[in-house]
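See structure below.
One is the number of the first residue; the rest follow in order along the sequence.
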Amino acid sequence: MIVTAITEGVQVSVETNYQPEYSSPTQLHYVFTYRITIENHSNYTVKLLRRHWFIHDANNTIREVEGEGVVGQQPILEPGQVHQYVSGCNLRSGLGKMHGTYLMEKVVDGAQFEVVIPEFSMVVPYLLN
């Protein structure tokens, strides 16, 4: 399932996958990957400066992750351009969710704005049966 949000013309879509080959349920270690697609539908060039994530685990823990760029990059997107990357997350339960924001900058004038990263779930497939 893909979830999508649009903020000021910047669309963020997320698709998740469980990674059983890297997970160890008996040791409470569940690994998920997520593919992020950022599309610039605005009329101006934007640069992704920072990310701010909230990671919720079903065992009632919440982690906050903040930092520069995404996977070591601060992509610049011209109008109509798309940037895609894959990252990962580990949970101590087989059920969790993430959401957050990107801090973006309009290249033309340096104005900064936040773009919503829509909330998405990470669920081990056998929990859905």
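The hydrophobic clustering, which links ILVMFWY residues whose side-chain heavy atoms are closer than 4.5 Å, places Y30 and M1 together. In the hydrophobic cluster analysis, where Ile, Leu, Val, Met, Phe, Trp and Tyr join through side-chain heavy atoms closer than 4.5 angstrom, V65 is grouped together with M122. If you chain together hydrophobic residues whose side chains sit under 4.5 Å apart, I55 and L28 never meet in one group. Taking hydrophobic clusters as Ile, Leu, Val, Met, Phe, Trp and Tyr residues chained together by side-chain heavy-atom distances below 4.5 Å, I38 shares a cluster with V71. Follow the hydrophobic side-chain contacts under 4.5 Å out from V46 and you never reach V108; the two are in separate clusters.
Heavy-atom minimum distance, T101 versus V116: CG2-CA, 4.5 Å. When all heavy atoms of S42 and P79 are compared, the closest pair comes out as O-CB, 3.4 Å. Minimum interatomic distance between L49 and E105 (heavy atoms only, all atoms of both residues): CD1-CB, 3.7 Å.
Here CD of E114 is found 11.5 Å from CE of M104. Values are rounded to the nearest 0.5 Å. N17 CG to Y34 OH: the interatomic distance, rounded to the nearest 0.5 Å, is 13.0 Å. One finds the CD atom of E68 at 10.5 Å from the CG atom of L103 (value rounded to the nearest 0.5 Å). In this structure, T7 OG1 and I117 CD1 are separated by 9.5 Å, a value rounded to the nearest 0.5 Å. Going from atom OG of S87 over to atom CE of M98 covers 7.0 Å, rounded to the nearest 0.5 Å. Note that CG of N40 and NZ of K47 are 14.5 Å apart. Values are rounded to the nearest 0.5 Å.
Looking at Q73 and H83, their side chains come closer than 4.5 Å, going by heavy atoms from C-beta outward. Between I36 and V70 there is no side-chain heavy-atom pair separated by less than 4.5 Å. Contact annotation: the side chain of V12 approaches that of P118 to within less than 4.5 Å [non-hydrogen atoms, C-beta and beyond].
Heavy-atom contacts from other residues, nucleotides or ligands closer than 6.0 Å to CD of Q27 number 12 or fewer. Within a 6.0 Å sphere centred on CZ of R63, heavy atoms belonging to other residues, nucleotides or ligands number more than 12. Enclosure of atom CZ in F113 by more than 12 non-hydrogen atoms of other residues, nucleotides or ligands within 6.0 angstrom is indicated. Within 6.0 Å of CG on D109 lie more than 12 heavy atoms contributed by other residues, nucleotides or ligands.
With hydrogens and angles ignored, the 3.5 Å screen pairs a side-chain donor or acceptor of S23 with a backbone N or O of V31. In this structure a side-chain-to-backbone donor-acceptor pair under 3.5 Å is missing from R51 to Y102. Remark: side-chain polar atoms of D57 are paired, donor with acceptor, to backbone N or O of R92 under 3.5 angstrom. A donor-acceptor pair is defined here as one N or O able to donate and one able to accept, closer than 3.5 Å; such a pair exists between the side chain of S93 and the backbone of L95. Side chain of T37 to backbone of V82: no donor-acceptor contact under 3.5 angstrom is found.
In this pair, F32 and Y18 present their aromatic rings tilted. The plane angle is within the 30 to 60° band.
Each of H56, E119, H52 was checked for a side-chain hydrogen bond (donor to acceptor under 3.5 Å, both in side chains) with H99, and the lone residue meeting it is H56.
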